[in-house]
Amino acid sequence: MSREEEKVVIRAMRPGDVEAVLAGRREVMWKLEKEEIISQLFLFIHHPYFFMLVFLTPLLLYYFLQMGVGACLVSGTGLVVVVEGFRFLLFWRNFRDGYGAKEPDILNLVHYYSHTRRSFLVAVVEGEVAGTVAVRETDDPNMAELSRLVVHLKFRRRGIALRLIQACHREAGRLDYTAVMLRTPPNNRGALKCYQKAGYIQYGIENVTRMYPHKFDLLKLIWKI
Ligand SMILES: CC(C)(COP(=O)(O)OP(=O)(O)OC[C@H]1O[C@@H](n2cnc3c(N)ncnc32)[C@H](O)[C@@H]1OP(=O)(O)O)[C@@H](O)C(=O)NCCC(=O)NCCS
């Protein structure tokens, strides 16, 4: 079935949709988190800091504790794994908090989006929730934030995200906003392409969390009505 023929209904979320919305979101977020862990680990093992740790730690143990070469290598590696593992866990906790896992809207979708300047839309294909998008206020009364854009895995690449973004723009106009901004990670290439296709341009970058050499930034994009 072509994109044009497929019947995609975009409407406001109803209380009966919440379970499907959260289940689809969990599946997508889990995939995004796995990709982020892999990309952070890849960056880490290619970073000069990693080589410095791996060579210097056993060397320092050898020099100061006069241990055997084998013992230095084993304890040095163990020490690096424990310390860096702990630092990564701290980074990860901040990442999850900053990337929305604990945000108040997710904890109570219906209540949060009943606010007069917020809206939560769902795309429905043959009675099934296929994707979501949200509009909410920012510090600037004329600017809305587009968030929670998620298309469930089996509905991808059928133009649903673009339709959700367009519906979000109409909703922003109805709620008296004149511009829409959003934040997205620079390595989320699919989402970036999709936003560019919808007319967004980059106007800033925000650091969510950093724990040298790990860091997590979000690009800030804007679309004006
Ligand atoms: C990003 C996302 C919303 C796209 O949903 P989608 O319904 O598959 O996107 P669409 O079919 O509307 O794609 C529109 C355009 O975006 C681009 N695009 C979308 N996904 C892409 C991908 N994985 N790789 C490259 N380009 C992609 C393409 O240009 C596409 O047009 P085309 O199919 O004619 O080439 C979806 O992949 C998703 O839910 N990702 C996880 C959640 C997420 O990253 N949300 C954004 C957080 S800021």
Side-chain angles (χ1 to χ4, degrees), residues 1-11 13 17-18 20-40 94-103 105-106 109 112-113 118-126 128-138 143-172 179-209 215-223:
M1 197 185 288
S2 77
R3 284 180 177 189
E4 290 71 28
E5 286 165 331
E6 187 164 57
K7 186 111 181 71
V8 182
V9 176
I10 299 191
R11 57 163 172 79
M13 180 187 58
D17 300 323
V18 171
V21 166
L22 292 179
R25 183 184 153 75
R26 267 195 302 274
E27 184 189 23
V28 169
M29 291 314 287
W30 171 230
K31 186 170 176 284
L32 280 179
E33 285 181 7
K34 268 195 304 192
E35 285 166 5
E36 188 60 36
I37 290 179
I38 292 168
S39 112
Q40 291 290 344
N94 294 342
F95 164 83
R96 295 201 83 224
D97 290 353
Y99 202 39
K102 285 191 184 158
E103 283 202 19
D105 63 330
I106 297 302
L109 283 174
Y112 185 90
Y113 288 101
R118 298 176 189 156
S119 189
F120 195 97
L121 305 176
V122 291
V124 180
V125 178
E126 288 171 8
E128 205 179 328
V129 174
T132 64
V133 72
V135 187
R136 54 183 172 183
E137 76 279 20
T138 61
M143 176 127 76
E145 180 185 10
L146 177 157
S147 63
R148 309 309 181 203
L149 177 71
V150 167
V151 173
H152 301 176
L153 296 176
K154 69 174 181 174
F155 295 101
R156 296 260 172 102
R157 299 309 289 267
R158 303 194 204 171
I160 294 178
L162 277 179
R163 294 195 208 192
L164 279 165
I165 294 172
Q166 284 154 6
C168 163
H169 293 165
R170 286 194 295 276
E171 195 65 0
V180 179
M181 62 81 65
L182 60 86
R183 297 179 179 85
T184 190
N187 58 358
N188 193 346
R189 300 224 166 77
L192 258 179
K193 258 190 142 177
C194 186
Y195 292 134
Q196 280 159 357
K197 207 165 178 178
Y200 281 81
I201 49 165
Q202 186 184 336
Y203 74 100
I205 186 161
E206 178 184 309
N207 176 252
V208 176
T209 181
K215 69 174 180 150
F216 182 67
D217 293 330
L218 290 175
L219 301 181
K220 291 163 84 173
L221 309 186
I222 189 166
W223 178 88

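When a ligand or atom number is given, it counts from 1 through the structure's own listing order.
Near Gly159, the atoms of ligand 1 lying under 4.0 angstrom from a non-hydrogen atom of the residue are 10 (P), 11 (O), 12 (O). Those atoms of ligand 1 that come under 4.0 Å of a heavy atom in Arg158, given as number and element, are 11 (O). Atoms of ligand 1 found under 4.0 Å from any heavy atom of Val150, numbered from 1 in the order shown, are 39 (O). Atoms of ligand 1 lying under 4.0 Å from any heavy atom of Arg183, numbered from 1 in the order shown and given with element: 48 (S). Atoms of ligand 1 lying under 4.0 Å from at least one heavy atom of Leu162, given by number and element, are 12 (O), 14 (C). Atoms of ligand 1 lying under 4.0 Å from any heavy atom of Lys193, numbered from 1 in the order shown and given with element: 17 (C), 25 (C), 26 (N). Atoms of ligand 1 lying under 4.0 Å from any heavy atom of Asn188, numbered from 1 in the order shown and given with element: 43 (C), 44 (O).
Considering backbone and side-chain atoms together, Thr184 places no N or O closer than 3.5 Å to any N or O of ligand 1. At under 3.5 Å, not a single nitrogen or oxygen of Ala191, backbone or side chain, sits near a nitrogen or oxygen of ligand 1. Below 3.5 Å of separation, one finds no N or O of Tyr195 facing any N or O of ligand 1. Considering backbone and side-chain N/O atoms, Phe155 never comes within less than 3.5 Å of an N/O atom of ligand 1.
Between Val125 and Ile160 there is a side-chain heavy-atom pair separated by less than 4.5 Å. The closest side-chain heavy-atom distance from Leu121 to Arg11 is not below 4.5 Å.
Counting heavy atoms closer than 4.0 Å to ligand 1, residue Val28 contributes side-chain atoms (C-beta onward) but none from N, CA, C or O. Only side-chain heavy atoms of Lys197 come within less than 4.0 Å of ligand 1; its backbone N, CA, C and O stay farther off.
Here atom 37 (O) of ligand 1 lies nearest to Arg156 when heavy atoms of Glu27, Gln196, Arg156 are compared. Of the options Ala161, Ala130, Gly24, the smallest heavy-atom separation from atom 9 (O) of ligand 1 is shown by Ala161. Counting only non-hydrogen atoms, the option in Glu35, His152, Arg157 that gets closest to atom 28 (C) of ligand 1 is Arg157.
By the 4.0 Å N-to-carboxylate-O rule, Glu145 lies too far from Arg118 to be salt-bridged with it. At a threshold of 4.0 Å, the pair Lys31-Glu35 counts as salt-bridged, since one of the basic side-chain nitrogens sits closer than that to a carboxylate oxygen. Between Arg183 and Glu206, at least one side-chain N (NZ, or NE/NH1/NH2) sits under 4.0 Å from a carboxylate O, which counts as a salt bridge.
The two residues Val129 and His152 have their closest heavy-atom pair at O-ND1, 3.2 Å.
In this structure, Arg189 has no heavy atom closer than 4.0 Å to ligand 1.
From Gln196, atom CD reaches atom CD of Gln202 across 9.0 Å, with rounding to the nearest 0.5 Å. Going from atom CG of Leu32 over to atom CD of Glu27 covers 11.0 Å, rounded to the nearest 0.5 Å.
The aromatic rings of Tyr195 and Tyr200 sit perpendicular to each other, their planes meeting at more than 60°, with 30° as the lower class boundary.
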>> If you apply the rule side-chain hydrogen bond (donor to acceptor under 3.5 Å, both in side chains), what do you find for Asn187 with Glu36, and how did you get there?
In response: CA-CA 9 Å; Asn187 58 358; Glu36 188 60 36; 3.3 Å; yes
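If you run side-chain contact (heavy atoms from CB on, under 4.5 Å) between Arg148 and each of Val21, Asp105, Leu109, only Asp105 comes through.
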